[in-house]
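Right, one structure below, let's go through it.
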Amino acid sequence: MSTRRMLILDDDPAVGQTIQWIAEGLGLEAEFVTNAQDFFAGLDRRCADFITVDLAMPNLDGVEVMRLLAERKCASRIIISSGMGNRVLAAAERSAAEHGLDIAGVIAKPISKAALRSMVGEASEGKESVWADETAYEFIQNEAIDQASLQGGLDRHEFELAYQPKVDCRSGVPAGFEALARWRRHGDGLVMPVHFIPVAEETGLIEAFTAQVFGKSIAWFGRSFPDSGLKLSLNLSAKSLVDIQLVDRLSSVCTEFQVAPERIVIELTETSAMVDPVLSLDLMTRFRVKGFQLSIDDFGTGYSSMVQLVRLPFSEIKVDKSFVMNARQSQESRSVIKSIIDLGHSLGLVVTAEGVEDAETFDYLKSQGCDYAQGYFIARPMTGETARKWVSERNAAVS
Ligand code: C2E
Ligand code: CA
Ligand code: CA
């Protein structure tokens, strides 16, 4: 493999030089420049695998440099550095990502070797597959998804479930799974939900879809874990809360597969997008009366607000992964998480954090009294078969 190259732009030569030495210490070929003109000239001469840009510079600032990089369709991985507060760094990162740039991350000054290594190291590992268990499959989205193709998928029963574990924060023991839909289109590639759920919602096929995936996952769950305290979380689009037979149908499926409704958690997303708020409230209350648990998903984002939390009969809050994934770097995210945990507990709800990607975040959640955790640090979504083995292995490992 040829040596990877880093170009550093920082108006302070002492800082530029330090970053260059750190980068060289990490085995990169590095060069620093102190102004935008030399920087762009340098890029014209030779492309760089990594670019480190200082955010605050006197003439052309880092945000402007990134806009120009985006115009040039720059493919380098970009590291944003700055002595400014985390909020400013995070905003710069978002704006650069929205311009379509490949952002490795942001590092606060003074830059440490460990911080730079984590960016360069992570960057060199490449993007991992979303479903480690199924890495052999191709994730396709190149064919248009419309009502007819989705109907075909339902007719051919092409929708499958991946199961992502949830663990108890205190003990680490398995607490349950969240079922996540995947479409094995034409029996080959896997299509992720972000590509087909919106189409199902718009075309009115979401009810048939929900019936199919709920049926499959409850059958799997009843068969796999007949006598255990594990729970199964199912995602329900709040737009589907118009179907008055939903509660009874779900109850019969549970009876058929001998799963107590208390073991099923219905996760509701986009609670503010309910078509009929009065009917939705009725249905949600009926779910609870029948014993089902209700969770407010993506809590803290625009779709799941405090108003919904107070008005609707939830039993669980799921802290949105955008806060959790940032917890390690961001004090602000940690404060938001802590407030949501305290809020949830003061309302008598259980709190789950999703998007836990590292040990530090897991420890933080534990220290704050969060009840359950879910995320790549614990396990990625997996097939039903692997999920069964995972439970035995995890139980053996933590006992
Ligand atoms: P969600 O309910 O917020 O599900 C969590 C998503 O986060 C999943 O993506 C999961 O794979 C991903 N995830 C879990 N842990 C981590 C982590 O540590 N880091 C990161 N970066 N991501 C993590 P997925 O499977 O692509 O699902 C996307 C969304 O599609 C779900 O978001 C849910 O809203 C929707 N969805 C999935 N299955 C169904 C379904 O059967 N019915 C409905 N209505 N919606 C579904
Ligand atoms: Ca969910
Ligand atoms: Ca979520």
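Note that the numbering runs from 1 along the sequence shown for the chain. When a ligand or atom number is given, it counts from 1 through the structure's own listing order. It should be emphasised that the depicted structure is a prediction, and the values quoted were computed from it without experimental measurement.
Each of the following atoms of ligand 1 lies closer than 4.0 Å to a heavy atom of G355: 16 (C), 17 (C), 18 (O). Near S237, meaning under 4.0 Å from one of its heavy atoms, ligand 1 places the atoms 44 (N). Taking every heavy atom of G375 and a limit of under 4.0 angstrom, the matching atoms of ligand 1 come to 15 (N), 18 (O). Taking every non-hydrogen atom of P381 and a distance limit under 4.0 Å, the qualifying atoms of ligand 1 come out as 11 (O). Atoms of ligand 1 lying under 4.0 Å from at least one heavy atom of D298, given by number and element, are 3 (O).
In this structure, D371 contributes its side chain and V351 its backbone to a donor-acceptor pair below 3.5 Å. Between the S335 side chain and the Q331 main chain, a donor and an acceptor come within less than 3.5 Å of each other. With S228 contributing its side chain and L230 its backbone, the two residues share a donor-acceptor pair below 3.5 Å. Without hydrogens or angle criteria, S295 side chain to D297 main chain gives no donor-acceptor distance under 3.5 Å.
Taking the centre of each ring, F196 and F159 come in below the 6.0 Å mark. Aromatic ring centres of W220 and F177 lie closer together than 6.0 Å.
Residue-to-ligand polar distances keep T269 apart from ligand 1: every N/O pair is separated by 3.5 Å or more. Considering both main-chain and side-chain atoms, M325 never comes within under 3.5 Å of ligand 1 through any nitrogen or oxygen pair.
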Task: Test side-chain hydrogen bond (donor to acceptor under 3.5 Å, both in side chains) applied to Q164 and Q374, step by step - done: CA-CA 7 Å; Q164 187 177 31; Q374 178 184 347; 2.9 Å; yes
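Between K109 and D10 a salt bridge is recorded (basic side-chain N to carboxylate O distance below 4.0 Å). A salt bridge between E316 and K166 is present, with a side-chain N of the basic residue lying under 4.0 Å from a carboxylate O of the acidic one.
The distance from the Ca ion (ligand 2) to the nearest N/O/S atom of N235 is under 3.0 Å.
No donor-acceptor contact under 3.5 angstrom links the side chains of Q151 and Q147, judged on distance only. At a cut-off of 3.5 Å, with distance as the only test, a side-chain donor of D358 or T361 sits close to an acceptor on the other residue.
At least one heavy atom of R182 sits closer than 4.0 Å to an atom of ligand 1. At a 4.0 Å cut-off, at least one heavy atom of F209 sits close enough to ligand 1 to count as contact. Distances from ligand 1 to the non-hydrogen atoms of E178 include at least one value under 4.0 Å. A heavy-atom separation below 4.0 Å is not found between V194 and ligand 1.
Residue contacts with ligand 1, taken as heavy atom pairs separated by less than 4.0 Å, involve I197 solely via side-chain atoms from C-beta onward. Here K321 has side-chain heavy atoms under 4.0 Å from ligand 1, and that is the only part of it that gets that close. Of all the heavy atoms of A181, the ones lying under 4.0 Å from any atom of ligand 1 are found in both the backbone and the side chain. The part of V213 lying near ligand 1 is the side chain, judged by heavy-atom distances below 4.0 Å.
With the Ca ion (ligand 3) as the vertex, OE1 of E354 and OD1 of D298 span 150° to the nearest 10°.
Distances from atom 15 (N) of ligand 1 to the heavy atoms of Q212, E357, Q164 put Q164 nearest. Of the options D297, L236, L234, V356, the smallest heavy-atom separation from atom 2 (O) of ligand 1 is shown by D297.
Within E178, OE2 is the N, O or S atom that lies nearest to the Ca ion (ligand 2). Here the N, O or S atom of D297 that is nearest to the Ca ion (ligand 2) is OD2. Looking only at its N/O/S atoms, E267 has OE1 as the one nearest to the Ca ion (ligand 2).
Contact of the V65 side chain with the F40 side chain is registered, since non-hydrogen atoms from C-beta on lie closer than 4.5 Å.
A cation-pi geometry, defined here as NZ or CZ lying under 6.0 Å from the six-membered ring centre and within 45° of its normal, holds between R185 and W183.
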